[in-house]
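From a predicted model like this one, the values you see are computed outputs, not experimental measurements. Reminder, nothing fancy here: chain letters follow the sequence lines and each chain counts from 1.
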Amino acid sequence: MVYYDPYQFDFVLRLEENWQIIKAELDQLGADDFVPYPEKYLLQKRTGWEIFGIYFLGVKIDGNCDRCPETAKLVKTIPGMITAGFSRLAPGAHIVPHAGKPTSVFRCHLGLSVPEHCAMRVAAETKRWSNGKCVVFDDTSEHEAWNLSDRYRDILLLDFKIPAGFARVC
Amino acid sequence: MTVMHDALDKCSSDVELVPPKVEPMPTTWRDDVAQGVEFVRFVWRISSRIRGGWNRFRFVVGLIFWKPFLPDDTSERGNADRDS
C-alpha cells in the first residue's frame with residue numbers, strides 16, 4: 001500500500017476544514033516569495049518546481065511564518081510535523097520518478113489550487129489532487145508528478161513522523 | 001474512521017493523465033556546477049528568512065543529512081516545538 005486513508009490521522013480534518021484560510025494566505029504571496037527547489041535533476045526540463053517553506057526539517061522559517069500566520073499555526077499543531085510548505089508546480093513541469101529518503105515520515109498533500117491535467121503517480125496508482133482534500137502517502141515509494149495545464153498547481157506539502165504503533169506497509 | 005475517502009480521483013484509466021514520457025537527461029559538468037550553485041542559492045534564500053544562528057545551523061545540517069537536527073523524539077510534536 002502506498003496511499004493511506006488520510007482520516008486515520010486526526011489533523012487531516014482540521015486542515016481540510018481550514019483549507020480556504022490556507023488558500024487565502026497562499027494567494028497573497030508573490031512569485032518572488034517562492035524559491036526554486038534545488039534538485040533540478042528531478043525535473044524533466046530542469047525547472048518548474050518552487051516551494052515556500054514554513055517548516056523545513058523541524059526548523060521554523062520565521063519570515064515565511066510571519067507571512068502565513070494561520071497556516072503556520074495550523075501545521076504546528078500536527079503531531080510529528082517536521083516539514084511544511086507550499087509546493088508550486090509550473091505549467092508543463094514534470095517531476096520525474098524518484099523515491100524519498102527513508103526518514104520514518106509520511107507525506108501529506110492538501111490540494112489548494114489544482115487545475116485540470118495534473119496528477120501524481122505513486123507506485124502503480126495515478127491520482128489527481130482535489131482542492132481542499134488531503135492525500136497521505138509513503139514517499140519512499142517511487143512517485144512522480146506533472147502539470148500539463150496552463151496554470152500553476154499549488155498544494156500544501158507536509159511531512160510528519162509515522163505515529164507510534166502505525167505500521168508502514170511495504 | 002473506516003471509510004476510505006480518496007482525496008484524489010483515481011485516474012489510472014484516464015489516458016490523458018498517463019505520466020508524461022521521461023526523456024533522457026544527459027548531465028554535463030556544467031549541469032553539475034549549476035546544481036551546486038542552485039543548492040547554495042537555496043540555502044542562502046531560505047536561511048535569510050530564519051531568525052537565529054542556531055536555527056540556521058540546524059537548517060543547513062538538516063539539509064545535508066536530510067533529517068531534523070537534533071531530533072526531539074520525546075516530543076509528540078517533534079522538532080516543530082524547538083523553534084520557539
Side-chain angles (χ1 to χ4, degrees), chain A residues 3 5-8 12 16 35-41 44 46 53 55-66 75-84 94 96-97 101 103 109-111 116-121 124-130 132-136 144 146 148 160-161, chain B residues 1-14 16-23 25 27 31 34-43 45-52 55-59 61-63 65-73 75-84:
Chain A
Y3 294 100
D5 176 3
Y7 299 111
Q8 295 176 91
V12 163
E16 291 186 353
V35 176
Y37 194 72
E39 294 179 295
K40 300 292 188 190
Y41 54 86
Q44 182 68 72
R46 299 195 191 280
Y55 283 87
F56 192 87
L57 294 166
V59 179
K60 183 181 182 184
I61 314 297
D62 304 273
N64 291 354
C65 288
D66 293 345
V75 299
K76 191 175 178 182
T77 63
I78 296 172
M81 183 279 296
I82 59 169
T83 292
H94 179 199
V96 300
K101 299 175 178 68
T103 48
H109 286 176
L110 170 67
E116 293 288 307
H117 312 310
C118 53
M120 170 175 70
R121 177 186 66 81
E125 197 169 353
T126 300
K127 294 184 174 188
R128 265 193 290 252
W129 297 272
S130 295
K133 296 294 179 187
C134 286
V135 60
V136 174
E144 62 183 316
W146 57 93
L148 303 182
F160 62 99
K161 290 181 185 175
Chain B
M1 185 175 290
T2 55
V3 177
M4 177 71 178
H5 171 86
D6 247 345
L8 306 175
D9 301 325
K10 288 187 182 180
C11 55
S12 303
S13 60
D14 190 336
E16 199 173 43
L17 291 175
V18 170
K21 191 177 172 188
V22 177
E23 304 290 343
M25 293 188 293
T27 303
D31 293 327
Q35 179 68 81
V37 170
E38 278 299 322
F39 264 109
V40 171
R41 291 181 65 202
F42 179 80
V43 170
R45 291 187 67 181
I46 298 288
S47 295
S48 67
R49 302 179 192 183
I50 296 172
R51 288 193 281 270
N55 277 341
R56 284 189 189 136
F57 175 74
R58 285 177 56 218
F59 165 72
V61 174
L63 190 63
F65 293 102
W66 206 253
K67 57 175 61 179
F69 178 82
L70 299 163
D72 181 3
D73 291 330
S75 167
E76 190 188 25
R77 285 163 53 189
N79 290 279
D81 287 338
R82 297 168 59 91
D83 61 82
S84 51

Starting at CG of L57(A), measure out to CZ of F65(B) and round the result to the nearest 0.5 Å. 12.5 Å

Ignoring hydrogens and angles, tell me if any N or O in the side chain of Q44(A) forms a donor-acceptor pair with the backbone of E23(B) under 3.5 Å. yes

On a heavy-atom basis, which atom in E38(B) and which in P36(A) lie closest, and how many Å separate them? OE1-CB, 4.3 Å

Work out which heavy atom in V35(A) is nearest to a heavy atom in R49(B); give both atom names and the distance. CG2-NH2, 3.8 Å

For chain B, find which of V12(A), N64(A), V96(A) contributes the most heavy-atom pairs closer than 4.5 angstrom. N64(A)

Can you name the side-chain hydrogen bond (donor to acceptor under 3.5 Å, both in side chains) partners of R51(B), sequence neighbours left out? D66(A)

Given heavy-atom pairs under 4.5 angstrom as the criterion, report whether the side chain, backbone, both or neither of K40(A) touches chain B. both

If you tally heavy-atom pairs under 4.5 Å against chain A, which of T27(B), V40(B), D31(B), V43(B) wins? D31(B)

Counting only N and O atoms by type, is there a donor-acceptor contact under 3.5 Å from the side chain of Q35(B) to the main-chain atoms of P38(A)? yes

In this structure, OG of S48(B) is separated from CG of D62(A) (nearest 0.5 Å) by 11.0 Å

Could you tell me the separation between the CZ atom of R58(B) and the NZ atom of K60(A), rounded to the nearest 0.5 Å? 12.0 Å

What's the shortest heavy-atom distance between F59(B) and V59(A), and which atoms? N-CG2, 3.7 Å

Counting heavy-atom pairs closer than 4.5 Å to chain A, which one of G52(B), G62(B), P20(B) comes out on top? P20(B)

Could you pull out all residues at least two apart from F160(A) that satisfy ring-ring contact (aromatic ring centres under 6.0 Å, His included)? F9(A), F11(A)

Which atoms of C65(A) come close to chain B, meaning under 4.5 Å heavy atom to heavy atom: side chain ones, backbone ones, both, or neither? neither

Would you compute the distance between atom CD of E39(A) and atom CZ of F42(B) and round it to the nearest 0.5 angstrom? 8.5 Å

